[in-house]
Amino acid sequence: METSPKASAIFFFDGVCHLCDHAVHFLLWIDRKKAFAVASLQGETAASLLPESLRASPGKDPDSLVLYLQDKDAPKILTRSDALLELCQILGGPWRLFRLFKILPRAWRDALYRVISKNRFRLFGRKAQCELPTLEEKARLLP
């Protein structure tokens, strides 16, 4: 799967979630190294790379963001808080400080993640479809 020239990871997000959409725009803006590409969990790239349990399907909202790390041996797939913390590592700079949350047990981190995930539509709303990307974002958006 070809991504942007320097991308070593694909960040999958819920394409109908306002919170996820705003987070992706922010992440693309701060990712000066263009270290990752993005794709919707409802899209073709998710269908071809992710197990069915992680993809969005009719009547089933995805419950997690997914980080797909391309490796020469085998891809690595991270979800929930692990995906967010690894993304902070990839972004580098001051964002690496968020990796300190790794000292907390995954169960605690994921419990907080699930609370936000279960309430995201009620708090932030739902979209009928993904927002159209800017020209710069479009180069990093996979189908």
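Quick note: numbers below take in every heavy atom, side chains included, and nothing from hydrogens, waters or symmetry partners. On a predicted model such as this, the values are computed, not experimentally measured, just so you know.
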For A9 versus L69, what's the shortest heavy-atom pair and its separation? CB-CD2, 3.7 Å
Verify side-chain contact (heavy atoms from CB on, under 4.5 Å) between F101 and L85, making sure each step is shown before the conclusion. CA-CA 8 Å; F101 285 103; L85 294 177; 4.1 Å; yes
Can you give me the closest heavy-atom contact between I77 and P51, atom names plus distance? CD1-CD, 3.9 Å
Taking F36 as the starting point, is it possible to reach F26 by hopping between hydrophobic residues whose side chains are less than 4.5 Å apart? yes
With a 3.5 Å cut-off and sequence neighbours excluded, list the donor-acceptor pairs that the side chains of residues 86-96 form with protein atoms.
{"residue": "E86", "atom": "OE1", "partner": "R99", "partner atom": "NH1", "Å": "2.9"}
{"residue": "Q89", "atom": "OE1", "partner": "R99", "partner atom": "NE", "Å": "3.4"}

Taking F12 as the fixed residue, which of L65, V24, V38, L49 is the one that meets the side chain to side chain contact (heavy atoms under 4.5 Å, CB included) rule? L49
Which pair of heavy atoms, one from S40 and one from A46, lies closest together, and at what distance? O-CB, 3.5 Å
Quick one: does L41's side chain get under 4.5 Å of L50's, heavy atoms only? yes
Shared hydrophobic cluster, I103 / W108 (ILVMFWY, side-chain heavy atoms < 4.5 Å): no
May I have the step-by-step check of side-chain contact (heavy atoms from CB on, under 4.5 Å) for R114 and R80, ending in yes or no? CA-CA 8 Å; R114 280 191 292 277; R80 297 184 181 86; 3.9 Å; yes
Pairwise side-chain contact, T79 with L54, heavy-atom cut-off 4.5 Å (strictly under): yes
R109 and K102: side-chain contact (heavy atoms from CB on, under 4.5 Å), yes or no, with the steps? CA-CA 8 Å; R109 290 183 279 123; K102 277 277 209 186; 4.2 Å; yes
With sequence neighbours left out, the residues meeting salt bridge (Lys or Arg N to Asp or Glu O under 4.0 Å) with D110 are none
